[in-house]
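Chain identifiers are assigned alphabetically (A, B, ...) following the order of the sequence lines, protein sequences preceding nucleic acid strands; residue numbering begins at 1 within each chain. Quick note: numbers below take in every heavy atom, side chains included, and nothing from hydrogens, waters or symmetry partners.
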Amino acid sequence: MRDTPDINTLPGLLLHWYDVHAREMPWRVGPAQRKAGILPDPYRIWMSEIMLQQTTVATVRDYFQRFVTRWPTVRDLAAAQDADVMGEWAGLGYYARARNLLKCARAVVDEHGGVFPADHDALLKLPGIGPYTAAAVSSIAFDLPHTVLDGNVERVMARLYDIHTPLPAAKPLLMAQAQALTPAQRPGDYAQAVMDLGATICSPKSPACGICPWRDPCAARDAGTQNLLPKKTPKKPKPVRHGTVYLAQRDDGAWMLETRPEKGLLGGMLGWPGSDWLDISEPLPEGTPPLKADWQTLAGEVRHTFTHFHLILTVKLAKVPNDTAGSFVTRAQFRPSDLPTVMRKAYDLSQT
DNA sequence: TACTCGTGGTC
DNA sequence: TGACCAAGAGT
């Protein structure tokens, strides 16, 4: 059994709290099992960390279960069809993650013999693995002393040391503080403990300082500034863009769908043919219909907000003969859940 | 550095 | 109800 830092130290206080309050997750090995020398499957930790990027635990749970059930090992995933992985990822967002997930799995098989490297720098070279994920996998899956710096840790450090420098400029300073705290003992538990603290107690709004294991040493709580931290540089307003999509259905029920280009928004995902999305509403961008047909403009519209713009889509629908040329997905193969959400909204509108 | 890249929940 | 937010990476 490994030592835990003394309870009078900051890491010791946090680990003691984590031993009692650790959240349970499908990919996680809890503190009791870790003390018995059990470490999690690096494949599952990697998978969960990719999914958790900018995504809530509640949303990830179901996707994680479906992925590891369908592809239990990195070799299974590396052998998967691209379209199957993209379809399974549909709805989770940030689709470059799914493209890189496949690239990474194949790189692990081709370049590392199907075994995830423990080394932080080797992990960093893999597609889709950046500074955070490299530190998370090496610490959580291999119990190596690397420091995770995610949104939780940034918030916790900013408050613990009452740092008022706005993000993202404050990142190097916050990282230095986080590294100085990272213990040599139980680094995997510690990484998860800081993030659990940020997610459950040191939350963005109304942090529960009264029950925080770090309430006494916390400089922001002492100064009463915890609700002002971390400071962030203001965001730019989102423009409104407009566009048109074309939903063509054959008489046998097949839908005309295209696989979007690898790069750019919704890259590699299925989508309806349509116009570009422009910052103008007059005239409405209609583009060119994918085929000649009796297009009916549906009542209503699709509204959707992406990270950096709002989108309003006009939906046009047409029935076409079974001998129509083009890229169709048969009724049997078509699953609305394979579509990214904005495209599924257009389909939903056509079914009302 | 700053921008691109999704989605659903929250208040 | 619109803005903010969530275990960031790539360019």
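The residue A:Gly267 sits apart from the nucleic acid: no heavy atom pair falls under 4.0 Å. Counting any heavy atom pair closer than 4.0 Å across all strands shown, A:Lys235 reaches sugar-phosphate atoms only and no base atom. As judged by a 4.0 angstrom heavy-atom cut-off over every strand, A:Arg99 is placed among residues making no nucleic acid contact. A:Trp46 comes within 4.0 angstrom of no nucleic acid atom, judged by non-hydrogen atoms across all strands. No contact: A:Lys238 has no heavy atom under 4.0 Å from any strand. Nucleic acid contact for A:Arg28: base, since at least one base atom lies under 4.0 Å from a heavy atom of the residue. As judged by a 4.0 angstrom heavy-atom cut-off over every strand, A:Met25 is placed among the base-contacting residues. A:Gly198 comes within 4.0 angstrom of no nucleic acid atom, judged by non-hydrogen atoms across all strands.
Aromatic rings from A:Trp255 and A:Phe328 are positioned such that their centres are separated by 6.0 Å or more.
In this structure, A:His304 does not reach the B:dG6 phosphate: none of its side-chain N or O atoms is under 4.0 Å from OP1 or OP2. Phosphate proximity of B:dC3 to A:His308: absent, as no side-chain N or O sits under 4.0 Å from OP1 or OP2.
For the C1' atom pair drawn from C:dT11 and B:dT1, the interatomic distance equals 12 Å after rounding to whole Å. Rounded to a whole angstrom, the distance from the P atom of B:dC5 to that of C:dA7 is 23 Å. Nucleotides B:dG8 and C:dT1 have their C1' atoms positioned 15 Å apart, rounded to a whole Å.
At a non-hydrogen distance threshold of 4.0 Å, A:Pro127, A:Gly128, A:Ile129, A:Gly130, A:Pro131, A:Tyr132, A:Thr133 from residues 119-137 of chain A come into contact with DNA chain C.
Distance alone, capped at 3.5 Å, places no donor-acceptor pair between the A:Thr69 side chain and the A:Arg66 backbone. In this structure a side-chain-to-backbone donor-acceptor pair under 3.5 Å is missing from A:Arg221 to A:Pro217.
At a cut-off of 3.5 angstrom, counting only N and O atoms as typed in the model, there is a donor on one side and an acceptor on the other between the side-chain of A:Thr307 and the base of B:dG6. Applying the 3.5 Å distance criterion, the base of B:dG8 shares no donor-acceptor pair with the side chain of A:Thr341.
For A:Lys205 and A:Gln54, each mapped to the nucleotide of DNA chain B holding its nearest heavy atom, the one lying further toward the 5' end belongs to A:Gln54. Comparing A:Gly264 and A:Lys345 by the nucleotide of DNA chain B whose heavy atom lies nearest to each, the residue mapping closer to the 5' end is A:Gly264.
Using a 4.0 Å cut-off between charged side-chain N and carboxylate O, A:Arg260 and A:Glu258 make no salt bridge. The existence of a salt bridge linking A:Asp279 and A:Lys238 is excluded, since no basic side-chain nitrogen approaches an acidic carboxylate oxygen closer than 4.0 Å. A salt bridge does not link A:Asp348 with A:Lys345: none of the charged nitrogens is closer than 4.0 Å to a carboxylate oxygen. Of the charged side-chain nitrogens involved, at least one lies within less than 4.0 Å of a carboxylate oxygen, so that A:Asp143 and A:Arg34 count as a salt-bridged pair. Comment: A:Asp150 does not engage A:Arg155 in a salt bridge, judged by the lack of any side-chain N to carboxylate O separation of less than 4.0 angstrom.
A:Glu49 and A:Tyr132 share a side-chain donor-acceptor pair at under 3.5 Å.
Rounding to whole angstrom units, CD1 of residue A:Ile50 and P of B:dT7 are separated by 18 Å. One can place CG of A:Leu167 at 13 Å from P of B:dA2, the figure rounded to the nearest angstrom. When the P atom of B:dC5 is taken as reference, atom CD of A:Glu262 falls 14 Å away, rounded to whole Å. As rounded to whole Å, 12 Å separates atom P of B:dG9 from atom CG of A:Asp62. Between the CD atom of A:Gln53 and the C1' atom of B:dT4 there is a distance of 15 Å, given to the nearest Å. The nearest whole Å value for the distance from the CZ atom in A:Phe309 to the P atom in B:dC5 is 7 Å. Residue A:Tyr94 contributes atom OH, which lies 6 Å from atom C1' of B:dG6 at whole-angstrom precision. If you measure from atom CZ of A:Arg61 to atom P of B:dG8, you get 18 Å, rounded to the nearest angstrom.
The salt bridge (Lys or Arg N to Asp or Glu O under 4.0 Å) check on A:Arg28 picks up A:Asp196, with sequence neighbours excluded.
Looking only at side-chain heavy atoms (C-beta outward), A:Phe67 and A:Val85 come within less than 4.5 Å of each other.
Here the range on DNA chain C touched by chain A, meaning any atom under 4.0 Å from one of its heavy atoms, is C:dC5 to C:dG10.
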